[in-house]
Amino acid sequence: MADRGKNLRIDAARLWQSLMEMARIGATAKGGVNRLALTDLDRESRQLFTRWCEDAGCTVSHDAMGNIFARRPGRDNTLPPIVTGSHLDSQPTGGKYDGAYGVLAGLEVVRALNDADFQTEAPIEVVVWTNEEGSRFAPAMVGSGTFAGVFALADSLAITDADGLTMGQELARIGYDGEGCGGREIGAYFEAHIEQGPILEAAGKPVGVVTGAQGQRWYEINLTGQESHAGPTPMAVRRDALVGAAAIVLAVNRIGHEFQPGACATTGMIVSRPNSRNVIPGAVFLTVDLRHPDDARLAEMDTALRDAAGAAADANGLDLALEQIWSFDATPFDAQCVAAVRGAAQAAGLAHMDIVSGAGHDAIYMAGVAPTAMIFVPCKDGISHNEIESATPEDIAAGGQVLLQAMLERAGGS
Ligand code: GLV
Ligand code: MN
Ligand code: MN
C-alpha cells in the first residue's frame with residue numbers, strides 16, 4: 001500500500017451519526033431496535049443505506065436473496081472486489097450495533113476514501129446480507145450462506161416465518177427480489193462487529209482480532225403427549241408434554257455447564273399447546289442452540305442432548321421428534337487477513353487481542369469462498385441481543401479505523 005493510504009483516517013463523528021440515524025428505524029422504547037428481516041422496517045433501513053451509498057458515488061445492486069452490494073470502483077475493475085459489511089436485520093429486542101455497525105463502518109470506509117480522493121487498485125464493496133439473525137426466518141446467515149453456495153437458492157427462498165410467509169414472497173413484497181446469487185470471485189472479506197460478549201471489555205482492549213468462530217448446531221424438538229383435563233386426570237396417567245420439555249430445558253443448561261470450557265447451550269423458544277391453564281399440555285415445540293469452539297466436544301454435546309431428550313420423553317410417555325436443522329463447524333479465518341487486522345490495530349496504536357467469535361456471523365460463510373477476517377470492538381457489560389446493547393463512540397471509531405486500514409492492505413491504491 002502506498003504511504004498515503006496509511007495516513008487515511010475515518011471520520012469518527014460521521015460514523016457515529018450514521019449509526020444513530022439508522023437506529024431510528026425500528027427504534028424501541030428501551031433504546032434498541034426491532035427490525036426483523038424483510039419487514040417494512042428492514043426495507044426502510046435498506047433504502048436509507050442505499051441512498052447514503054449512492055450519495056457516496058457507489059453503484060448499488062441486489063441479488064436474488066436481497067443481499068445488497070454497494071460498489072466503489074477501483075483502478076483495475078477486473079480485480080475481484082475487497083468486500084466488507086454485515087446485516088441490518090435485528091432480533092425482536094435487538095440493539096443499535098449488532099450488524100448495523102459492520103454495514104455503516106463499511107460505508108464510512110467508502111466516505112473516507114472519497115474525502116481523501118483515494119483510488120484503490122481493486123474495487124471496494126459494502127454488503128448488506130439478508131436475514132443474518134435467523135429470528136423471523138430460521139436458520140441464521142441465510143443471505144451470505146446462499147451467496148457462498150452452502151444453501152440452494154430455491155431452498156432459501158422457500159423458508160417460512162411463523163405465519164407461513166416465505167422469504168421469496170417477502171423479498172418480492174419489499175422489492176428486493178433480484179437475479180442470481182453468488183458465484184463470483186471476492187478478493188477478501190472483512191466484517192466489523194461488536195463482540196457481543198465480555199472478553200474485550202474485561203481486558204480493556206478496544207480491538208479484537210478475530211481468529212475464527214466456534215461451531216454451532218440448532219435443533220427443533222417436538223414432544224407429543226395427550227391433552228386432558230387439569231382436574232379429573234390423575235397424576236399417574238398424565239402424558240404432559242410440558243413436563244418433558246422442562247426436563248429437556250434443564251438438561252440443555254446442564255450440558256452447557258458440563259462441557260466447559262467453551263460450551264454454550266440455550267433453549268430460546270418454547271411453544272406449549274393448547275396453552276390453557278386448565279388443560280394438560282399435549283404438545284410442545286422447543287428450540288436448542290449448542291455451541292463449542294471444539295468440533296469433537298460439540299459432537300459430544302449433541303449425543304448428550306439426544307440422550308437427555310430421549311430420557312425425558314420416555315419418563316413422561318411422550319413421542320419425541322428431534323431434528324438438527326442447522327450447523328456449522330468451528331471456522332478458522334484466513335491467516336493473512338487476520339494479520340492485516342492485527343497490523344492495522346498495531347499501526348493505529350490500538351490495544352488489541354486475539355479472540356474467537358462466540359456468535360454466528362456472515363463472515364463464517366464468506367470464509368468458505370474468500371480470504372476472510374473480522375474485527376471486534378467491546379460492548380458494554382458484554383450484553384447483546386438486548387435493547388440495552390451499548391458501545392462507546394471511541395471503540396466504534398477504533399474498529400472503523402482498523403477496518404479501513406485492513407481493507408486498504410488488500411485493495412492497494414494511492
Ligand atoms: C447470531 O446472531 C448468533 O446467534 O450468533
Ligand atoms: Mn450480528
Ligand atoms: Mn445478532
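In this chain, numbering begins with 1 at the start of the sequence shown. Read the numbers this way: they start at 1 and go in the same order the structure lists the ligands and their atoms. The analysis underlying the following values was restricted to heavy atoms, covering all of them including side chains, and did not include hydrogens, waters or symmetry mates. Everything numeric in this text was worked out from a predicted model, so none of it was measured.
Side-chain contact annotation: His87 with Asp362, donor-acceptor N/O pair under 3.5 Å absent. Under 3.5 Å, the side chains of Arg75 and Ser414 contain a donor-acceptor pair of N or O atoms.
Of the charged side-chain nitrogens involved, at least one lies within less than 4.0 Å of a carboxylate oxygen, so that Asp115 and Arg14 count as a salt-bridged pair. A salt bridge links Arg217 to Asp302: at least one charged side-chain nitrogen sits closer than 4.0 Å to a carboxylate oxygen.
Side-chain N or O atoms of Glu179 include none that pairs as donor or acceptor with a backbone N or O of Asp63 at under 3.5 Å.
With Phe259 as the aromatic partner, Arg291 does not meet the cation-pi criteria of under 6.0 angstrom to the ring centre and within 45 degrees of the ring axis. With a 6.0 Å cutoff to the six-membered ring centre and a 45° limit on the axis angle, Arg46 counts as a cation-pi contact of Tyr176.
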Please give the N or O to N or O pairs under 3.5 Å between ligand 1 and the protein, distances rounded to 0.1 Å.
{"unit_1": "ligand 1", "atom_1": "2 (O)", "unit_2": "Glu133", "atom_2": "OE1", "d": "3.1"}
{"unit_1": "ligand 1", "atom_1": "2 (O)", "unit_2": "His385", "atom_2": "NE2", "d": "3.2"}
{"unit_1": "ligand 1", "atom_1": "4 (O)", "unit_2": "Arg291", "atom_2": "NH2", "d": "2.8"}
{"unit_1": "ligand 1", "atom_1": "5 (O)", "unit_2": "Arg291", "atom_2": "NH1", "d": "2.8"}
{"unit_1": "ligand 1", "atom_1": "5 (O)", "unit_2": "Arg291", "atom_2": "NH2", "d": "3.4"}
{"unit_1": "ligand 1", "atom_1": "5 (O)", "unit_2": "Gly360", "atom_2": "N", "d": "2.6"}

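Remark: aromatic rings of Phe147 and Trp129 are close, center separation under 6.0 Å.
Using the six-membered ring where Trp is involved, Tyr97 and Trp16 have ring planes that are tilted, between 30° and 60° apart.
Counting only protein N, O or S atoms, the number found under 2.8 Å from the Mn ion (ligand 2) is 3.
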